[in-house]
Peer 1: 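I have a structure here, written as structure tokens, and I will follow up with some questions on it.
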Amino acid sequence: MPLKTANKLSKSQIRKLGDRLRKNIQIPDDKDLIQLEEYRTSFKSVIPNIFKRVYELSRKVRHDATTTYRIKRIESILSKLQRFDGSKLEKIELDRMWDIVGCRVILNTEEKVYQLFELLKKEFEIRRVKDYYNESDPHGYTSLHVYVSFKENPSQVVEIQIRTKDSHNWATLVEIVDLLFDKNIKEGEEEKEFIKFHLRLSKLEKIEPEIKREVIDFVHEHKIFSTLMDTFSSNYLKLRLKWLKSVKSNKEHFFIIEASKDKTPNILAFEEFKEAEQVYFDKFYTKEYENTVMTFLPQANFDNLERAYSNYTLTTHQFTDTYIQLCQEVLYSYLSDRQFLKYHKLYNLFAKNLIRHIYNLKEEVKTINEYTPATSEEKRKVKFWKKEFSKRIKLRFNSLEESDKVLRQLEPENFGSKLYLTFLMRITMAKTRRFSRKLERSKP
């Protein structure tokens, strides 16, 4: 559906538009959707200037900060209008929805988060601050949300989300689990078990060993790790290859990422905002993909895209390492408490998941080595890709070797206990070998 040139809407017109959309939330009128799109894109004149300064300031705080911006997805706007309709939560008017345009900065520590905040206060008019590091969130969400405007143009407010890497990884995992397990926690759905799971993950360093055991039990009961690993493995190579073929120019900084539970994600690259936004709106209107976002990346490479939008690329996530570390800690605790049967049961599940994970890595290496680049630029990208992938595998095996050493040190000295544990471990190894052969046969 082609869009007209955006008309400037008055505050009253924007508010009435929000009321009409809220009233017809399930089947919005086409004219209202087009007007909403015109309102969204009216921010395109203010965001480049604000983002430029945010980007420059974030680089002063940390040279490797990940900084990006997006215009809020139409689905998210409609969902927010519905949730904040005044019946259960306070009513939010469309003209007061200050996160229509959002910048996101990912830094390594909370100290850097507040350091950037101090710089922002000198640069912009601060309209509102939501500090989820100091104000507890019942789900475990942490971030600093700063709403800013230029003094010369106070009517258009932009949200700046400043997160640590850990906060960002937690938030994207919520969205990945929502998508893959048909939940809707981010939008307020009451999934008590999954909410408790995410809340515990947000406090992992502080929770007791017994609670960590319950977290691992939940992961295995719902097959969270294995589902994520199979999804990531299925998508990683295909999406990397799409990136190699679709990104033709270093002038392309606008990206549409399309995520789906059942299809390989897709990436489209554009040089111009107008073209990217038209394609985004068409995809929303035709519902071609379940989950589509249009974003701007100043440093346009696959690693930055993956880091900023792992909830859309569905190719990798820090939870892989979190799961392995958590399993190791729980295994240590079982050995220390001489709970050998529980140790054996967990080790059996842990070993199967790692075999699945390592097998997937092996398949990815094979595919990378078989790929023949078509251009010199592709050749350069593939060379970098192989180097990055080799590093990733080396880190994984180093982690497992270190874990194995520690577990062996904790093995019981008592002859009877040692014999009993050896017997259980032989059973485990036999099971994992059978699982490995079964997995091998199941692959095409």
Side-chain angles (χ1 to χ4, degrees), residues 1 3-4 6-44 46-47 69-104 127-130 132 137-139 141 143 145-149 154-161 171 174-175 178-179 182-191 195 259 277-278 280-295 311-312:
M1 179 185 294
L3 300 173
K4 300 180 296 182
N7 298 315
K8 187 172 177 59
L9 301 174
S10 68
K11 183 176 178 179
S12 173
Q13 287 174 318
I14 297 167
R15 184 163 293 195
K16 287 177 180 177
L17 170 63
D19 289 339
R20 292 197 303 274
L21 289 167
R22 190 181 275 123
K23 185 177 179 181
N24 304 302
I25 205 77
Q26 299 303 326
I27 310 177
D29 184 81
D30 283 355
K31 291 181 181 179
D32 287 340
L33 284 178
I34 291 173
Q35 198 170 46
L36 175 60
E37 177 65 0
E38 290 173 356
Y39 175 55
R40 286 175 71 251
T41 55
S42 70
F43 285 83
K44 70 180 180 182
V46 68
I47 184 59
Y69 79 76
R70 61 92 184 106
I71 298 182
K72 195 174 184 72
R73 297 164 57 239
I74 295 172
E75 301 97 319
S76 298
I77 295 174
L78 297 176
S79 175
K80 195 166 188 176
L81 286 171
Q82 184 178 32
R83 283 186 290 124
F84 293 87
D85 62 355
S87 59
K88 295 181 180 178
L89 300 169
E90 62 174 313
K91 186 177 180 180
I92 291 183
E93 303 291 357
L94 183 58
D95 64 294
R96 296 284 294 175
M97 197 179 288
W98 282 358
D99 61 346
I100 296 293
V101 171
C103 300
R104 179 173 293 161
R127 307 293 293 276
R128 186 195 304 160
V129 177
K130 290 183 180 179
Y132 293 103
D137 177 84
H139 295 174
Y141 178 76
S143 182
H145 293 195
V146 186
Y147 300 86
V148 308
S149 62
S155 63
Q156 288 193 309
V157 180
V158 171
E159 178 191 59
I160 303 171
Q161 287 185 9
V174 171
E175 295 189 39
D178 272 4
L179 181 62
D182 297 316
K183 307 299 176 184
N184 207 11
I185 295 167
K186 187 188 175 186
E187 301 301 330
E189 189 174 291
E190 285 299 320
E191 289 281 350
I195 288 173
E277 187 59 33
Q278 176 68 66
Y280 163 77
F281 184 74
D282 288 343
K283 286 184 176 295
F284 164 78
Y285 191 77
T286 59
K287 294 181 170 52
E288 185 178 336
Y289 264 74
E290 297 174 16
N291 211 3
T292 305
V293 68
M294 195 274 280
T295 185
N311 49 319
Y312 285 89

Peer 1: Salt bridge between Asp19 and Lys91, side-chain N to carboxylate O under 4.0 Å?
Peer 2: yes
Peer 1: Determine yes or no for a side-chain-to-main-chain donor-acceptor pair under 3.5 angstrom, with Ser79 supplying the side chain and Glu75 the backbone.
Peer 2: no
Peer 1: Under 4.5 Å between any side-chain heavy atoms of Phe284 and Leu33, yes or no?
Peer 2: yes
Peer 1: Mind running side-chain contact (heavy atoms from CB on, under 4.5 Å) on Arg20 and Asp29 for me, showing each step along the way?
Peer 2: CA-CA 9 Å; Arg20 292 197 303 274; Asp29 184 81; over 6 Å; no
Peer 1: Is there a donor-acceptor pair under 3.5 Å between the side chain of Ser42 and the backbone N or O of Tyr39?
Peer 2: yes
Peer 1: Of all the heavy-atom pairs spanning Leu78 and Ile25, show the shortest one and how long it is.
Peer 2: O-CD1, 3.2 Å
Peer 1: Quick one: closest heavy-atom pair of Ala259 and Asn311, and the distance?
Peer 2: CB-O, 4.3 Å
Peer 1: A side-chain contact here means heavy atoms from C-beta on lying under 4.5 Å apart; do Trp98 and Arg96 qualify?
Peer 2: yes
Peer 1: Is any side-chain heavy atom of Ile74 closer than 4.5 Å to one of Tyr285?
Peer 2: no
Peer 1: Kindly give the heavy-atom pair with the smallest separation between Val146 and Val148, and that separation in Å.
Peer 2: CG1-CG1, 3.7 Å
Peer 1: Looking at Glu277 and Lys44, is any side-chain nitrogen of the basic one under 4.0 Å from a carboxylate oxygen of the acidic one?
Peer 2: no
Peer 1: Can you confirm whether Leu9 sits close enough to Gln35 that some side-chain heavy atom of one is under 4.5 Å from a side-chain heavy atom of the other?
Peer 2: yes
Peer 1: Main chain of Ile100, side chain of Arg40: is a donor-acceptor contact present, judged purely on distance under 3.5 Å?
Peer 2: no
Peer 1: Mind checking whether Cys103 and Ile47 have side chains closer than 4.5 Å, heavy atoms only?
Peer 2: yes
Peer 1: Can a salt bridge be assigned to the pair Lys72 and Asp99 using a cut-off of 4.0 Å between side-chain N and carboxylate O?
Peer 2: yes
Peer 1: To the nearest 0.5 Å, what is the distance between CG on Leu21 and NZ on Lys80?
Peer 2: 15.0 Å
Peer 1: Tell me every residue that passes side chain to side chain contact (heavy atoms under 4.5 Å, CB included) with Lys23, counting only those two or more places apart in sequence or in another chain.
Peer 2: none
Peer 1: For a 4.5 angstrom cut-off between non-hydrogen side-chain atoms, does Leu36 reach Leu94?
Peer 2: yes
Peer 1: Just how far is it from atom CZ of Arg83 to atom OG of Ser76, taken to the nearest 0.5 Å?
Peer 2: 8.5 Å
Peer 1: For Val157 and Tyr147, which heavy atoms make the closest approach, and how far apart are they?
Peer 2: CG1-CB, 3.8 Å
Peer 1: What I'd like to find out is whether the side chain of Asp32 reaches to under 4.5 Å of the side chain of Leu17, using heavy atoms alone.
Peer 2: yes
Peer 1: With His145 as reference, evaluate Lys130, Arg128, Glu159 under the side chain to side chain donor-acceptor pair (under 3.5 Å) test and give the passing residue.
Peer 2: Glu159
Peer 1: Does Arg73 use its side chain to pair, donor to acceptor, with the backbone of Val293 at less than 3.5 Å?
Peer 2: no
